[in-house]
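Have a look at the structure that comes next, please.
Position 1 is the first residue of the sequence; numbering continues from there. Remember, predicted model here, so these are calculated numbers, not experimental data.
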Amino acid sequence: MKLKAKFNVVILAIFSVGLLVTGYLSFAILHANAQKDAVERATLVMEAATAMQTYTQAEVESLLSPHMGEKFLPQSVAAYAAIQALNRMGENFSDYSYRAAVLNPTNSRDKASDWETEVIEELRANPGAKDIIGVRPTIHGDSLYLARPLEITDNACLACHGDPAKAPKTLLTKYGSANGFGWKLNEIVGAQIVSVPLTGALQEARLAFVVFMGLLVVMFATFIIVLNAMLKGIVIRPATTMSEIADQVSKGDLEVPAFDVSGSDEMATLAGSFNRMRRSVERAMRMLDK
Ligand code: HEC
């Protein structure tokens with residue numbers, strides 16, 4: 001195998017393995033980062049929902065309760081405040097959603113859909129679990145959801161979600177007695193589910209991956225081209241010329257011009273030594289001829 005081929009085979013092998021490993025790792029990291037970013041966005045929306053509920057409970061409920069005698073005001077309900085506020089997110093966030101999905105809800109709007117029911121059943125089966133994170137396809141592309149169990153930890157909730165006979169009359173007038181009752185203390189009745197778009201983040205990750213790998217390939221290709229050119233100019237061409245001269249001298253042709261020595265690298269030193277050796281050989285041959 002020629003010198004150039006040897007270099008190229010070894011370097012190409014190293015680059016191919018390097019490219020594969022780098023590609024695999026960088027794709028995995030970029031993908032994980034896109035997912036992590038989506039989880040962070042979803043957590044932020046979830047925290048906002050919790051904050052709105054806490055605020056409503058702490059500051060709004062007590063202001064509205066004196067007016068609930070004749071008409072039930074859902075604005076006093078913490079869950080309602082978060083749902084209503086977060087469903088008013090701007091156009092740029094149309095593929096974000098917040099749901100208080102419940103198996104048996106007071107407001108039919110909050111009835112868990114098929115996939116939400118599956119998530120809720122999973123949460124009910126694992127009472128200790130905190131959040132469930134998953135990805136599902138939607139018409140806008142992949143969407144990441146963060147589901148947090150809605151567990152009834154306060155007896156006060158049961159005033160309106162326990163026995164309908166004990167519920168406020170105005171609530172029954174507005175919502176009827178068929179739904180949203182029979183909830184139990186410590187029961188997971190549903191889940192708060194935040195959905196955020198994932199496709200955009202994944203596309204960005206893929207673009208970054210393609211640009212990164214493309215640059216690596218261009219860098220490798222440039223390296224190989226430059227290395228080959230240098231190998232040819234600095235090592236292969238002088239070595240070939242020297243071997244041709246040696247060949248001719250060995251056949252007795254003493255008229256071949258001396259090898260042109262320029263530069264100060266190892267090849268130039270070798271060429272200088274070669275020329276001196278050639279002159280010695282020529283002298284010896286002439287002495288023998290006499
Ligand atoms: C004063 C009565 C009342 C109390 C007390 C109350 N809720 Fe509700 N809750 C409602 C009403 C009414 C709705 C439906 C509001 C709407 O139209 O969206 C509701 C809705 C909800 C929802 C959304 C799903 C659904 O059923 O439509 C959740 C979740 C919820 N409540 C949880 C709780 C929890 C947890 C507590 C205790 C911390 C609680 N509620 C206390 C009246 C009440």
Evaluate the ring planes of Phe259 and Phe274, with Trp represented by its six-membered ring, and classify them as parallel (under 30°), tilted (30 to 60°) or perpendicular (over 60°).
-> perpendicular

For Asn155 and Leu185, the nearest pair of non-hydrogen atoms, with its separation, is N-CD1, 3.7 Å

Residue of the set Leu227, Val235, Asn228 for which side-chain contact (heavy atoms from CB on, under 4.5 Å) holds with Phe7 | Leu227

Which pair of heavy atoms, one from Lys232 and one from Pro238, lies closest together, and at what distance?
-> O-CD, 4.1 Å

Between CZ of Arg41 and CG of Leu146, what distance do you get to the nearest 0.5 Å?
-> 12.0 Å

Would Tyr80 end up clustered with Ile152 when hydrophobic side chains under 4.5 Å apart are linked, directly or stepwise?
-> no

Rounded distance (nearest 0.5 Å) linking atom CG of Leu86 with atom CE of Met52 | 4.0 Å

Quick one: CD on Glu47 to OG1 on Thr54, what's the gap to the nearest 0.5 Å?
-> 9.5 Å

May I ask you to check whether over 12 heavy atoms, not counting those of Met230, lie within 6.0 Å of atom CE?
-> no

Scanning both residues in full, the closest heavy-atom pair of Pro149 with Lys130 reads CD-O, 2.6 Å

Can you spot which of Asp110, Thr117, Val189 makes a side-chain contact (heavy atoms from CB on, under 4.5 Å) with Leu103?
-> Thr117

Of the non-hydrogen atoms in Lys4 and Leu231, which two are nearest, and what is the gap between them?
-> CA-CD2, 3.9 Å

Under 3.5 Å, is there a donor-acceptor pair between the side chain of Trp183 and the main chain of Asn104?
-> yes

What pair of heavy atoms forms the shortest contact from Ala101 to Glu116, and how long is it?
-> CB-OE1, 3.6 Å

